[in-house]
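Bear in mind that the values here come from a model prediction, so they are computed numbers and not experimental data. Residue numbers start at 1 and run along the sequence shown.
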Amino acid sequence: MNIVIVGGGFAGIKAALEISKRHLGKITLISDEPYFLHHATLYSTAVGRSLAESVIPLNQIFADHPNVTVVQDTMKNIETRRKLIIGKKKQYSYDKAVIAIGSVTTYFNINGMADHCFGVKSLEEIKKFNEHMHDEVAHKKLDNEYFIIGGGPTGIELAGALCEHLRSTIRINGIKNS
């Protein structure tokens with residue numbers, strides 16, 4: 001059986017690993033990035049810790065699964081009648097398909113939120129957040145208030161890590177906090 005999985009996130013990887021363990025056929029995992037982005041640890045990367053905590057190469061994850069082929073491509077369309085997934089680079093035929101394309105940050109239509117908030121669901125978002133924090137410290141804007149929207153595991157971890165990151169950045173830059 002030829003199985004195509006679109007998405008290199010939690011669901012896509014879990015599906016590929018489970019199908020691989022059961023030896024149900026040849027698996028092609030299509031992801032637009034060559035790595036798995038571990039969202040639960042992005043808060044730590046956002047506050048200056050190692051990128052390796054959040055970014056895991058897909059080829060490394062599937063190194064011991066010879067029936068899984070990782071392809072870097074972006075899905076553009078699916079033709080269910082022809083059992084064909086159309087990517088930017090090529091087409092992929094399948095007997096079974098799993099579409100696990102993930103989620104994006106939402107601001108729930110709250111006016112101004114997108115303009116004044118930083119997400120922590122992508123490398124681009126955390127890079128912007130980290131640059132902002134460094135700019136704030138460099139310009140000695142130390143009296144700003146920071147609000148974390150969301151009290152789930154990522155929000156709680158970010159709250160604790162952010163305090164330590166700000167203290168460390170202030171200390172490293174030799175700024176006396178009054």
Transitive ILVMFWY side-chain link Leu51 to Leu42, under 4.5 Å: yes
Same apolar cluster: Tyr107 and Ile149, side chain cutoff 4.5 Å: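 Yes, Tyr107 and Ile149 fall within the same hydrophobic cluster.
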Minimum heavy-atom distance Ala11-Ala100, with the two atoms named: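 The pair with the smallest heavy-atom distance is CB-CB, 3.8 Å.
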Minimum heavy-atom distance between His65 and Ser20, given as atom pair plus value: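 That would be ND1-OG, 2.8 Å.
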What's the spacing between [X] [atom1] and [Y] [atom2] if we round to 0.5 Å?
{"X": "Lys127", "Y": "Glu131", "atom1": "NZ", "atom2": "CD", "answer": "5.0 Å"}
{"X": "Ile78", "Y": "Gln91", "atom1": "CD1", "atom2": "CD", "answer": "12.0 Å"}
{"X": "Gln72", "Y": "Asn59", "atom1": "CD", "atom2": "CG", "answer": "9.5 Å"}
{"X": "His39", "Y": "Ile126", "atom1": "NE2", "atom2": "CD1", "answer": "9.5 Å"}

Any Gln60 side-chain heavy atom under 4.5 Å of Tyr35 side chain: no
Show the atom names and distances, to 0.1 Å, of all donor-acceptor pairs under 3.5 Å that link a side chain in residues 109-117 to residues at least two apart or in another chain.
none

Is there a donor-acceptor pair under 3.5 Å between the side chain of [X] and the backbone N or O of [Y]?
{"X": "Glu125", "Y": "Lys121", "result": "yes"}
{"X": "Lys88", "Y": "Asp32", "result": "no"}
{"X": "Lys26", "Y": "Asn67", "result": "no"}
{"X": "Asn77", "Y": "Ile85", "result": "no"}

Under 3.5 Å side-chain donor-acceptor pair for Thr41 and Ser54: yes
Short side-chain donor-acceptor distance under 3.5 Å, Tyr92 and Asp73: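 The criterion, which ignores hydrogens and geometry beyond distance, is satisfied for Tyr92 and Asp73.
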For Ile101, side chain to side chain contact (heavy atoms under 4.5 Å, CB included) partners two or more places apart: Val6, Ile99
Those residues that, when tested against His139, pass side chain to side chain contact (heavy atoms under 4.5 Å, CB included) (two or more places apart): Asp135, Lys141
For [X], what residues pass the salt bridge (charged side-chain N to carboxylate O under 4.0 Å, His left out) criterion, not counting sequence neighbours?
{"X": "Lys21", "answer": "Glu18"}
{"X": "Lys128", "answer": "Glu124"}
{"X": "Glu53", "answer": "none"}
{"X": "Arg82", "answer": "Glu79"}

Linking Ile, Leu, Val, Met, Phe, Trp and Tyr by side-chain heavy atoms under 4.5 Å, what else ends up with [X]?
{"X": "Ile172", "answer": "none"}
{"X": "Ile86", "answer": "Leu84"}
{"X": "Leu24", "answer": "Met1, Ile3, Ile5, Phe10, Ile13, Leu17, Ile19, Ile27, Leu29, Phe36, Ile56, Leu58, Ile61, Phe62, Val68, Val70, Val98"}

side-chain contact (heavy atoms from CB on, under 4.5 Å) evaluation trace for Val120 with Thr45: CA-CA 9 Å; Val120 290; Thr45 302; over 6 Å; no
Within residues 151-175 or reaching into it, pairs that qualify as ring-ring contact (aromatic ring centres under 6.0 Å, His included) - sequence neighbours excluded: His134-His165
Partner residues of Phe118 under the ring pair (Phe, Tyr, Trp, His ring centres under 6.0 Å) criterion, sequence neighbours left out: Phe129, His132
Test applied, side chain to side chain contact (heavy atoms under 4.5 Å, CB included); reference residue, Val47; option that passes from Leu158, Thr169, Leu166: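 That would be Leu158; it is the only one of Leu158, Thr169, Leu166 passing the side chain to side chain contact (heavy atoms under 4.5 Å, CB included) with Val47.
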